[in-house]
K.L.:
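Can you keep this structure in mind? I'll have questions shortly.
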Amino acid sequence: MLTRKQHELICFINDRLNDSGVSPSFEEMKEALDLKSKSGVHRLISALEERGFIRRLANRARALEVLKMPERGVEPKKAAPVAAEADNVVTLKPRAPEPANDVIEIPLHGRIAAGTPIEALEGATMLPVPAALLGSGEHYALEVAGDSMVEAGILDGDYALIRRTETARDGEIVVALIDEAEATLKFFRKEGAMVRLDPANRSYDPQRYRPNQVRIQGRLAGLLRRY
């Protein structure tokens with residue numbers, strides 16, 4: 001089941017695609033649904049994407065395609081159904097709208113050390129990010145401080161775009177909260193009964209902790225660099 005806002009949004013997107021072949025901008029979606037910010041639009045888009053109703057085309061900020069509609073018999077104009085996934089769903093042929101430059105705002109939670117852990121900061125500052133850099137799920141940003149991840153291409157002053165999650169696989173770059181007080185950006189490894197956090201700089205040593213000392217707060221989803 002979709003929420004009322006999710007249903008309104010997919011219908012609005014579908015109508016616009018049928019009328020012009022181009023999906024609406026985040027600003028147009030925000031106004032159409034009477035939302036206060038584009039972040040609300042991003043959350044709705046992510047929810048529809050996770051449920052398989054729409055998908056974003058790679059490297060295109062505004063390129064959305066409707067894969068299925070939420071009600072049986074609701075068939076978009078000019079789009080022929082190809083298969084039914086369920087009794088109450090019609091699956092549609094994909095289309096390729098024209099790209100545009102949409103941005104969304106995600107929370108910026110201070111600075112995070114890429115070297116020695118520093119105290120994790122929380123704040124209400126928002127960072128505008130190109131929507132194409134983010135996939136599904138909830139995201140936040142951290143400003144990188146330090147040079148211990150330079151060999152992974154993560155530099156001091158970069159903005160790390162983090163997808164919220166509490167789990168990680170071996171070898172992923174994560175935000176790890178240590179002893180509920182300090183956060184760091186490192187490669188996550190399991191080493192026997194210990195957790196090892198590896199830098200990407202030969203000048204730094206790996207950090208080892210007991211599992212109950214480390215809490216995963218997210219995985220690296222992308223980087224934003226200003227020149």
Side-chain angles (χ1 to χ4, degrees), residues 38-39 42-43 45-46 49-50 56 58-61 101-227:
K38 294 179 184 177
S39 322
H42 177 62
R43 285 192 292 271
I45 290 288
S46 295
E49 188 176 24
E50 288 175 356
R56 283 179 270 208
N59 302 319
R60 295 184 181 182
N101 294 317
D102 281 313
V103 298
I104 61 172
E105 292 185 338
I106 62 176
L108 175 60
H109 291 324
R111 290 171 65 83
I112 185 170
T116 304
I118 60 174
E119 184 177 357
L121 300 177
E122 291 289 336
T125 305
M126 303 298 286
L127 179 71
V129 176
L133 293 181
L134 303 176
S136 60
E138 185 180 355
H139 294 77
Y140 62 93
L142 293 165
E143 185 179 358
V144 175
D147 62 357
S148 79
M149 296 298 287
V150 292
E151 291 170 17
I154 303 172
L155 309 181
D156 183 77
D158 285 350
Y159 291 98
L161 309 179
I162 308 298
R163 185 182 188 276
R164 287 191 186 274
T165 181
E166 296 181 353
T167 62
R169 293 189 294 268
D170 219 54
E172 290 183 321
I173 298 176
V174 303
V175 174
L177 186 65
I178 300 167
D179 293 328
E180 297 298 325
E182 298 174 319
T184 188
L185 186 70
K186 292 288 184 294
F187 283 104
F188 174 83
R189 308 280 186 191
K190 291 182 179 179
E191 187 177 68
M194 304 292 285
V195 170
R196 193 180 81 219
L197 301 177
D198 287 346
N201 185 329
R202 295 179 182 86
S203 300
Y204 292 83
D205 295 324
Q207 304 160 4
R208 293 174 174 83
Y209 300 95
R210 297 186 303 276
N212 62 1
Q213 290 183 275
V214 178
R215 182 158 62 89
I216 303 301
Q217 292 197 306
R219 294 197 299 261
L220 183 68
L223 283 174
L224 189 63
R225 183 171 298 159
R226 290 176 175 172
Y227 293 94

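None of the values given here were measured: they were computed from a predicted structure.
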K.L.:
I'd like to know whether Y204 forms a side chain to side chain donor-acceptor pair (under 3.5 Å) with D198, so could you lay out the CA-CA distance, the side-chain angles of the two residues, the decisive distance to 0.1 Å, and finally the verdict.
P.N.:
CA-CA 9 Å; Y204 292 83; D198 287 346; over 6 Å; no
K.L.:
Testing I106, L142, L223 for side-chain contact (heavy atoms from CB on, under 4.5 Å) with L161, which one passes?
P.N.:
I106
K.L.:
With a 6.0 Å cut-off (strictly less than), is the heavy-atom count around CD of E180, excluding the residue itself, greater than 12?
P.N.:
yes
K.L.:
Check whether any side-chain heavy atom of F188 lies under 4.5 Å from a side-chain heavy atom of I173, and answer yes or no.
P.N.:
no
K.L.:
Would you call E182 and L177 a side-chain contact if the rule is heavy atoms closer than 4.5 Å?
P.N.:
no
K.L.:
Would you say V150 and L155 make side-chain contact, with heavy atoms under 4.5 Å?
P.N.:
yes
K.L.:
Go through the structure and list residues passing side chain to side chain donor-acceptor pair (under 3.5 Å) with D179, not counting sequence neighbours.
P.N.:
Q213
K.L.:
Determine whether R219 and T167 satisfy the following criterion, side-chain contact (heavy atoms from CB on, under 4.5 Å), listing intermediate values before the conclusion.
P.N.:
CA-CA 8 Å; R219 294 197 299 261; T167 62; 3.9 Å; yes
K.L.:
What's the spacing between R169 CZ and T165 OG1 if we round to 0.5 Å?
P.N.:
9.5 Å
K.L.:
Could you measure the distance from the CE atom of M149 to the CG atom of D147? Nearest 0.5 Å is fine.
P.N.:
11.5 Å
K.L.:
Nearest 0.5 Å, what's the CD-CG distance between E143 and L224?
P.N.:
11.0 Å
K.L.:
Taking only residues two or more places apart in sequence or in another chain, which ones pass side-chain contact (heavy atoms from CB on, under 4.5 Å) with R43?
P.N.:
S39
K.L.:
Identify the heavy atoms of A200 and F187 that sit nearest to each other, and give their distance.
P.N.:
CB-CE1, 3.9 Å
K.L.:
Could you pull out all residues at least two apart from E50 that satisfy side-chain contact (heavy atoms from CB on, under 4.5 Å)?
P.N.:
S136, R163
K.L.:
Over all heavy atoms of both residues, which pair between D158 and G153 is shortest? Give the atoms and the distance, please.
P.N.:
OD2-O, 3.9 Å
K.L.:
Please report the closest heavy-atom contact between Q207 and T184, naming both atoms and the distance.
P.N.:
OE1-CG2, 4.3 Å
K.L.:
Would you call L108 and Y140 a side-chain contact if the rule is heavy atoms closer than 4.5 Å?
P.N.:
no
K.L.:
For G218 versus I162, what's the shortest heavy-atom pair and its separation?
P.N.:
CA-CG2, 3.5 Å
K.L.:
Can you name the closest pair of heavy atoms from P199 and P206 and give their distance?
P.N.:
CD-CA, 3.8 Å
K.L.:
Would you say R208's side chain and E191's backbone share a donor-acceptor pair under 3.5 angstrom?
P.N.:
no
K.L.:
If you measure from CD1 on I112 to CD1 on I154, what distance do you get to the nearest 0.5 Å?
P.N.:
10.0 Å
K.L.:
Quick check: do M194 and R210 have side-chain heavy atoms less than 4.5 Å from each other?
P.N.:
yes
K.L.:
Any side-chain heavy atom of E151 sitting closer than 4.5 Å to one from R202?
P.N.:
yes
K.L.:
Which heavy atom of V174 sits nearest to which heavy atom of A168, and what is that distance?
P.N.:
CG1-CB, 3.5 Å
K.L.:
Would you say V144 and D156 make side-chain contact, with heavy atoms under 4.5 Å?
P.N.:
no
K.L.:
Look only at the side chain of H109 and the backbone of P107, and say whether a donor-acceptor pair between them is shorter than 3.5 Å.
P.N.:
no
